[in-house]
Visitor: 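First the structure, then my questions, so here it is.
Small disclaimer: the values here were computed from a predicted structure and weren't measured. Throughout, protein chains are lettered first and strands after them, A, B, ... in sequence-line order, and every chain is numbered starting at 1. The figures here come from the full heavy-atom set of this structure, side chains too, leaving out hydrogens, waters and symmetry mates.
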Amino acid sequence: MLGAIRTLMEFAGEPFYKSMAYERAAETLENAPPVAGLIAAGELEKLPGIGKTLAARIAEIATTGSSAYYEELAARYPPSLAELLAVPGIGIKTAQVLFRDFGIASLADLERALDAGTLVGVARLGTKSLENVRRGILAYKGRTTRTPLGRALPLAQRLTAYLAAGGQAADLACVGSVRRAEVTVGDIDIVCTSSEPGDVIARFVRFEDARAVLAEGVTKASIWLEGGLQIDLRVLPQDVYGNLLQHFTGSREHNIQLREYAVRKGLRVSENGILDVATGVNRTCRTEEEVYAALDLPYIAPEMRLGVGELDAALAGTLPAPVTLEELRGDFHMHSTWSDGRDSLEDMIAAAAARGYAYHAISEHSPGRGHIGVGADRLRTRRALVREIEAKYGVRTLCSSEVDIRSDGTLDYDDATLADLDLVVASVHSAMNLSHDAMTARLIRACENPYVTIIGHPTGRNVETFGGYDFDHDAVFEAAARTGTALEIDGQPKRLDLPSAMARRARDFGVTFSLDSDAHAVEQLDNVAYAVGQARRAWITRDEVLNARPLEDVLSFVAAKRKRSARAAE
DNA sequence: GCCGTTTTCGGCCCGACTGTTTTCAGTCG
């Protein structure tokens, strides 16, 4: 809605920086915790770039679904007008000319005008520009939705390997939204250093999957792949590699805020270095750490460069150090052929040991999932088998289960069976369309169950197809913190659940997190890296992560909850 | 519309590429 307001403001000729404020606020909110919670806490105005007016508009939109200001603007233009601005290559100036001078108010109008030749001879719209507009229309129509991280990352790795094989590129790195671990990305950004940038760019535009070359300059090029995914490459000299990484990693908002801060110190920050305006001295940095140090800032992790308050926290010295992959000592959520996994129990245990884990848990499904579930009797026979195998590989395999949470919040095993498990992951797999109140009660009841250690994939979202169940997030976060129940960040690329913005909110409640792979095959144990990426976006530290703790602390986390509940029952 | 460790008014990040131009406007990230 803020983005739509911004577009209409541009058409209406509102001052540039006024409409820009709406665009920046929209971007900030995308990476901020859920708006409802911020409004309830009165914290909207704490976000950078959101003041009195925008806070009021946002609250109005959140509560009523629209804004009087928006309605007033929208009434002045045909609703199809925004299509023009969505065409790559058409910006506000061109769109205004098309609408004002030619009455073009939709994509269909534009195509008719192109075919009829009515746009020939328009100032600043020569034959090449008109060709580009046609190409832009094709791209607009054939555009795919944003690409999930789980597809973008392997593709980015293939591209960097391809460029590396050319032999002229050094310091190849994937930056932009992929490096920030955004759940979906609009494009892929790659940087490298080279003394022969022309050769690197020439190789880049010849990439076998390239369907069009959008731009091909001296240091920068862009290509489109099949389906419209855009890849941008930037090549600079080695001595500015740190500046280059920094410039192309932060979100637009992070970078704007950083440069505004630098300007106040008399410095101009760009990919070419840090320019001291007074002396004219340009400082180049080989590493990103040097860039932040040169600005008198602590290092800010790539996943935290979102423009949602990290700069203020860094300046105040309160920015937490986010958990790292290396800090994990185990993984509580993986499946074997005992339920719906592809690999055997022994393969999964061997693979967990090979990763250097001190411990892990095999969490098979419960009978509620039908034939893939493990019955209570089989669960007991599994324990002896697990003990035998784990001894062979020198890893502690915890006997666990991913137990279904039924509609009423009760679990799919009886208490005796649950008590026999080392820890319990409890997840919703059914009746996902319960009402807001029923789903909230269901999840809170699961948290209050003394045997539930971790709530698995707490929102149930699928990054491409489902936003997640409808429930009161804050109420569940409060219950999780109060009962000593961990919330999972599931690393399956299609889940990434909890979503990072919600995890950051949950963190404020004092929740403990579990970063798991939810692997259904050996190689999927790598999914845990995605979970870590989301945790870092949420500012989660090592101490807040259950599977970053020593085994004895994990076991006492489980025991403490069971004991506390037993006491409460007396 | 937002914001301030000079400021409550007057600024507002920075640079590459393209096409249409003879020095720059428009778009993009």
Visitor: Which of the following nucleotides, B:dG1, B:dT18, B:dC14, is nearest to the side chain of A:Val263?
Guide: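 The answer is B:dC14, which lies nearest to the side chain.
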
Visitor: For nucleotides B:dT8 and B:dC3, find the distance between their C1' atoms and express it as a whole number of Å.
Guide: 9 Å

Visitor: If I pick the C1' atom on B:dG11 and the same atom on B:dA16, what distance separates them, to the nearest angstrom?
Guide: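 Looking at atom C1' only, B:dA16 and B:dG11 are 25 Å apart.
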
Visitor: For the pair made of CZ in A:Arg264 and P in B:dC14, what is the distance, rounded to whole Å?
Guide: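 Checked: the CZ to P distance equals 12 Å.
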
Visitor: Looking across every strand, which nucleic acid part, if any, lies under 4.0 Å from A:Glu253 by heavy atom: base, sugar-phosphate, or nothing?
Guide: nothing

Visitor: Are OP1 or OP2 of B:dC17 and a side-chain N or O of A:Lys220 less than 4.0 angstrom apart?
Guide: no

Visitor: May I ask you to verify if any side-chain N or O of A:Gln230 is less than 4.0 angstrom from the OP1 or OP2 atom of B:dG29?
Guide: yes

Visitor: Look at A:Glu253 together with A:Arg24 and state whether they make a salt bridge at an N to O cut-off of under 4.0 Å.
Guide: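 A salt bridge is present here (some side-chain N lies under 4.0 Å from a carboxylate O).
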
Visitor: Looking only at the side chain of A:Arg268 (C-beta and beyond, no hydrogens), which of the listed nucleotides B:dC14, B:dC17, B:dG1 gets closest?
Guide: B:dC14

Visitor: Look at the side chain of A:Arg124 and decide which nucleotide, out of B:dC14, B:dA16, B:dG19, has an atom nearest to it.
Guide: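 Taking heavy atoms from C-beta onward, the closest nucleotide is B:dG19.
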
Visitor: Quick one: list whatever passes salt bridge (Lys or Arg N to Asp or Glu O under 4.0 Å) with A:Glu43, sequence neighbours left out.
Guide: none

Visitor: Have a look at A:Pro88 and say if it touches a base, only the backbone sugar-phosphate, or nothing, with a 4.0 Å heavy-atom cut-off.
Guide: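 Sugar-phosphate contact only.
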
Visitor: Are A:Glu10 and A:Arg6 ion-paired here, with the side-chain N under 4.0 Å from a carboxylate O?
Guide: yes

Visitor: Can you tell me which nucleotide in B:dA16, B:dG1, B:dT27 comes closest to the side chain of A:Thr94?
Guide: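 Comparing B:dA16, B:dG1, B:dT27 against the side chain of A:Thr94, the answer is B:dT27.
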
Visitor: Side-chain N or O of A:Ser270 versus OP1/OP2 of B:dA16: is the shortest distance under 4.0 Å?
Guide: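 So the side-chain polar atoms of A:Ser270 never come under 4.0 Å of the phosphate oxygens OP1 or OP2 of B:dA16.
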
Visitor: So what does A:Tyr22 hit on the nucleic acid, given a heavy-atom distance under 4.0 Å: a base, only sugar-phosphate, or nothing?
Guide: sugar-phosphate

Visitor: Is A:Thr127 touching bases, backbone alone, or none of the nucleic acid, heavy atoms closer than 4.0 Å?
Guide: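 Sugar-phosphate only.
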
Visitor: Give a yes/no on whether any side-chain N or O of A:Tyr17 is located under 4.0 angstrom from OP1 or OP2 of B:dC2.
Guide: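 No, because none of the side-chain N or O atoms of A:Tyr17 sits under 4.0 Å from OP1 or OP2 of B:dC2.
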
Visitor: So which nucleotide from B:dA16, B:dT5, B:dG29 ends up closest to the side chain of A:Asp232?
Guide: B:dG29

Visitor: Given B:dA16, is OP1 or OP2 found less than 4.0 Å from the side-chain N or O atoms of A:Asn272?
Guide: yes

Visitor: Going by an N to O cut-off under 4.0 Å, is there a salt bridge joining A:Arg112 and A:Asp115?
Guide: no

Visitor: Considering only the P atoms, how many Å lie between B:dT22 and B:dC17, rounded to the nearest integer?
Guide: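 The answer is 22 Å between these two P atoms.
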
Visitor: Tell me the partner of B:dT8, counting only Watson-Crick (N1-N3 plus N6-O4 or O6-N4) or G-U wobble (N1-O2 and O6-N3) with both under 3.5 Å; none if nothing fits.
Guide: none

Visitor: Any salt bridge linking A:Arg179 with A:Glu303? Criterion: basic side-chain nitrogen under 4.0 Å from a carboxylate oxygen.
Guide: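 So A:Arg179 does not pair with A:Glu303 through a salt bridge.
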
Visitor: Taking the side chain of A:Lys93 as heavy atoms from C-beta outward, which of B:dA16, B:dG26, B:dC14 is closest to it?
Guide: B:dG26

Visitor: Rounding to the closest angstrom, what is the interatomic distance between B:dT20 and B:dG26 at atom C1'?
Guide: 11 Å

Visitor: Which one, B:dG15, B:dT27, B:dG29, comes nearest to the side chain of A:Ile92?
Guide: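 Of B:dG15, B:dT27, B:dG29, B:dT27 is nearest to the side chain of A:Ile92.
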
Visitor: Salt-bridge test for A:Arg151 and A:Glu464: reply yes if a basic N is under 4.0 Å from a carboxylate O, no otherwise.
Guide: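 The answer is yes: the pair qualifies as a salt bridge.
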
Visitor: So, is A:Ser129 near the phosphate of B:dT20, with a side-chain N or O under 4.0 Å from OP1 or OP2?
Guide: yes

Visitor: Nearest to the side chain of A:Glu260, heavy atoms from C-beta on, is which of B:dC12, B:dG1, B:dG19?
Guide: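 Of B:dC12, B:dG1, B:dG19, B:dC12 is nearest to the side chain of A:Glu260.
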
Visitor: For B:dT21 and B:dC14, measure between their P atoms and round to the nearest Å.
Guide: 30 Å

Visitor: Let me know the distance between CG of A:Leu258 and C1' of B:dC12, rounded to the nearest Å.
Guide: 16 Å

Visitor: Below the 4.0 Å mark, does B:dG1 have OP1 or OP2 next to a side-chain nitrogen or oxygen of A:Lys18?
Guide: yes

Visitor: If you check every side-chain atom of A:Val218, which of B:dG1, B:dC17, B:dC12 has the closest atom?
Guide: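 From the listed options, B:dC17 comes nearest.
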
Visitor: Hey, does A:Arg57 reach any base, or is it just sugar-phosphate, or nothing, if we go heavy atoms under 4.0 Å?
Guide: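 Sugar-phosphate, backbone atoms only, no base.
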
Visitor: Could A:Glu23 and A:Lys18 be called an ion pair, given the rule that one side-chain N must be under 4.0 Å from one carboxylate O?
Guide: no

Visitor: When you compare B:dC12 with B:dT7, how far apart are their C1' atoms, in angstrom units rounded to a whole number?
Guide: 14 Å

Visitor: Judged by each residue's nearest nucleotide on DNA chain B, which is more toward the 5′ side, A:Ala215 or A:Ala95?
Guide: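 Closest to the 5' end, via its nearest nucleotide, is A:Ala215.
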
Visitor: If you check the A:Glu216 side chain, which of B:dC14, B:dG19, B:dT18 turns out closest?
Guide: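 Nucleotide nearest to A:Glu216's side chain: B:dT18.
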
Visitor: Which is more 5' along DNA chain B, the nucleotide nearest A:Met20 or the one nearest A:Val122? Just name the residue.
Guide: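 It is A:Met20 whose nearest nucleotide is closer to the 5' end.
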
